[in-house]
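Read the structure below first, then the notes.
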Amino acid sequence: MKLVVVGGVAGGASAAARVRRLDAKAQIVMFERGEHVSFSNCCLPYHLSGTVPTSDALVLMTPQKFHAQHDIDARVNSEVIEIKRAEKKVVVRELSTGRTYEESYDKLVLAPGANPILPKNIAGIDRENVFAVRNVTDIAKLKAYIDRPGVDRVAVVGGGFIGIEVAENLKEAGKEVCIIEGTNQIMAPFDYDMVQILHKELDDHGVQLYLSSTVTAVEEGCVKAQRDGQELSIPADAVVMAIGVAPETALARDAGLEIGETRGIKVNHNFQTSDPDIYAVGDAIELYSALTHQPGRLALAGPAQRQARAAADHMYGAHSNNNGYIGSSCIRVFVQNAASTGLNEKAAAKAGYSFDSVLVFPTDKVSLMPDSHYMAFKLVFEVPTGKILGAQAIGRGAADKRVDVIAAMITMGGTLEDLKELELCYSPVFGTAKDVVNHAALVALNVLYGVFRQVHVDQVRSLVESGAFIVDVREENEFAAGHLKGAHNIPLSQLRQRMDEIPHDVPVYLHCRSSQRSYYALCYLQGNGYTNLYNISGSFLGISLYEYFNDKTQGREPIVDKYNFN
């Protein structure tokens with residue numbers, strides 16, 4: 001068999017390597033338009049800070065290594081410009097010489113990836129100080145430019161994974177950095193309540209955020225943007241465009257291959273296109289969401305590698321179990337680790353689920369450990385089945401570990417009851433005997449089964465402003481260190497003696513630092529005849545993290561007297 005692969009990196013290179021393992025005699029030719037056929041996309045931003053010291057270190061495999069180790073003919077600076085399906089040939093242009101030639105194939109794999117979106121309506125987007133980040137050549141050019149004398153201020157347009165990682169590494173490199181984001185939050189996989197922690201983290205490290213802002217022009221020394229009808233002039237010596245990517249489908253479309261409703265190349269269960277001899281994998285294809293049961297796209301290296309393996313296996317008569325994707329990802333934002341999987345609340349609502357969520361703030365390790373910190377953990381579940389739909393975790397500890405557990409549960413169709421009983425490793429230096437995920441499951445089951453009612457952290461401001469009866473059950477010294485305005489401090493340790501201070505005739509909202517002591521108080525009050533009780537999800541720590549950034553940047557009246565993030 002002769003295999004031709006269009007595109008390298010995670011998808012194309014993995015398909016070629018898998019075919020070689022399956023067939024020692026196959027002829028394999030791989031074309032890559034760029035200079036490098038195999039490199040670490042995900043590590044590109046870390047060259048800006050020097051974490052990856054040289055751009056050459058980003059290159060994983062050269063054409064020479066592919067030939068020597070795998071007998072794969074990898075040709076760089078070679079663009080496939082046409083597919084002649086009837087003749088089973090591709091037309092290739094050598095970019096260095098301009099020469100074109102044809103290459104035949106028995107099977108063809110398309111792994112062209114996705115292109116950074118560069119809106120043509122932004123004046124000055126073609127200036128020499130405007131960059132995108134897609135490959136090693138791109139990051140090397142950006143690094144060389146920001147290392148010039150006088151290039152001190154960098155504007156990053158877009159608050160997704162690439163934008164945040166670029167911003168962090170530019171800040172680590174000593175630059176003045178801002179992020180300009182068109183929506184009201186960065187990092188779309190996270191719900192608004194969770195992402196406030198990341199907003200605060202960026203702000204704490206001196207990265208200025210311009211949210212709900214649309215770039216209109218790049219001019220000498222600045223970026224022009226619009227926010228709420230107001231024109232902004234944001235100083236910038238360099239601009240990095242990271243507003244998203246679009247699947248590269250021109251080659252497939254011109255060949256008459258079917259394009260899906262999400263504008264990715266349409267593939268079947270085995271990653272075959274509408275031509276059974278042509279496969280497609282990676283960022284350019286349309287996938288199937290296991291949770292929404294709708295088509296979607298996912299630009300991640302791990303799924304691309306699995307797709308490539310499945311496509312190669314199918315060429316040799318093996319079938320793979322295609323379960324669709326759930327969308328698991330993680331990122332570090334300075335000292336905060338953040339991870340998510342499955343559906344957030346926005347996605348669950350859009351998909352038509354009946355759902356609820358809980359937000360908990362347990363410690364990530366036994367609190368006696370000196371490096372113990374809070375772990376913000378949000379669990380989204382279906383009502384009334386208790387089926388787990390998604391999770392988000394942010395903290396200094398192993399957020400990815402907790403979300404990986406949930407990803408496995410979702411993949412296996414797990415419920416809150418399953419998660420409650422899940423036996424996980426425990427040592428004080430790694431976690432707690434009742435791990436963060438077990439803790440969240442127990443809270444969620446209490447909500448699902450009606451053991452208590454809750455209000456979410458985004459509802460607290462209206463409660464405070466309306467004069468609701470809020471009881472803070474933390475100890476007096478904790479209350480003095482920061483509390484909700486108008487809250488009544490009745491410590492859990494004094495509740496039995498002071499219960500008569502709590503009214504029966506109005507709703508009562510309880511909270512503590514992390515919702516645990518307020519749950520104990522709620523149980524005691526319910527046992528003494530109180531019925532109109534609510535526990536505040538996330539409690540005071542969650543409220544502080546939720547309110548802080550917006551209070552600081554929007555100039556609104558705080559609902560807490562002092563913020564406390566401990």
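Note: Y374 and F361 have tilted aromatic rings, judged against thresholds of 30 and 60 degrees for the angle between ring planes. Aromatic ring pairs are classed by plane angle as parallel below 30°, tilted from 30° to 60° and perpendicular above 60°; the pair Y563 and F565 is parallel. Classified by interplanar angle (parallel below 30°, tilted 30° to 60°, perpendicular above 60°), the ring pair H199/Y192 is perpendicular.
Taking both residues in full, the closest heavy atoms of D283 and L300 are given as OD1-N, 3.9 Å, listed atom of the first, atom of the second, then distance. When all heavy atoms are compared, the tightest approach of A290 to I326 is CB-CG2, 4.2 Å. Between N535 and S515, the closest heavy-atom pair is ND2-O, 3.3 Å.
Within the 4.5 Å cutoff, the side chain of D364 has heavy atoms near those of the S372 side chain. Side chains of Y509 and L533 form no contact here, defined as non-hydrogen atoms less than 4.5 Å apart. Side-chain atoms of L484 and V464, non-hydrogen and from C-beta on, do get closer than 4.5 Å to each other. The side-chain heavy atoms of H314 and Y279, taken from C-beta on, include a pair separated by under 4.5 Å. Using a 4.5 Å heavy-atom cutoff, the side chains of H47 and N169 are not in contact. Looking at heavy atoms from C-beta onward, M412 lies out of side-chain contact with I388 at the 4.5 angstrom threshold. At least one side-chain heavy atom of L287 sits under 4.5 Å from a side-chain heavy atom of I285. Using a 4.5 Å heavy-atom cutoff, the side chains of N322 and F271 are in contact.
Remark: I186 CD1 to Q196 CD distance equals 9.0 Å, nearest 0.5 Å.
The environment of Q554 atom CD is dense: over 12 non-hydrogen atoms of other residues, nucleotides or ligands sit within 6.0 angstrom. For NZ of K266, the number of neighbouring non-hydrogen atoms (other residues, nucleotides, ligands) closer than 6.0 Å is 12 at most.
The residues D191 and K346 are annotated as salt-bridged, a charged nitrogen and a carboxylate oxygen being separated by less than 4.0 angstrom. Salt bridge status for R461 with E547: present, with a side-chain N to carboxylate O gap under 4.0 Å. Salt bridge status for R513 with D472: absent, with no side-chain N to carboxylate O gap under 4.0 Å. The residues K171 and E168 are annotated as not salt-bridged, no charged nitrogen and carboxylate oxygen being separated by less than 4.0 angstrom. In this structure, K378 pairs ionically with E345, as a charged nitrogen and a carboxylate oxygen lie closer than 4.0 Å.
Sorted by first and then second residue, the salt bridge (Lys or Arg N to Asp or Glu O under 4.0 Å) pairs with a member in residues 445-454 form an empty list; sequence neighbours excluded. Listed by first and then second residue, the side-chain hydrogen bond (donor to acceptor under 3.5 Å, both in side chains) pairs involving residues 426-436 are R402-D435 (not counting sequence neighbours).
Checked against a 6.0 Å centroid threshold, the rings of F452 and Y519 count as neighbours.
No cation-pi contact links K387 to Y353, judged by a cut-off of 6.0 Å to the six-membered ring centre and 45° from its axis. Cation-pi geometry between K200 and F549 is not met: the NZ or CZ atom fails to fall both under 6.0 Å from the ring centre and inside 45° of the normal.
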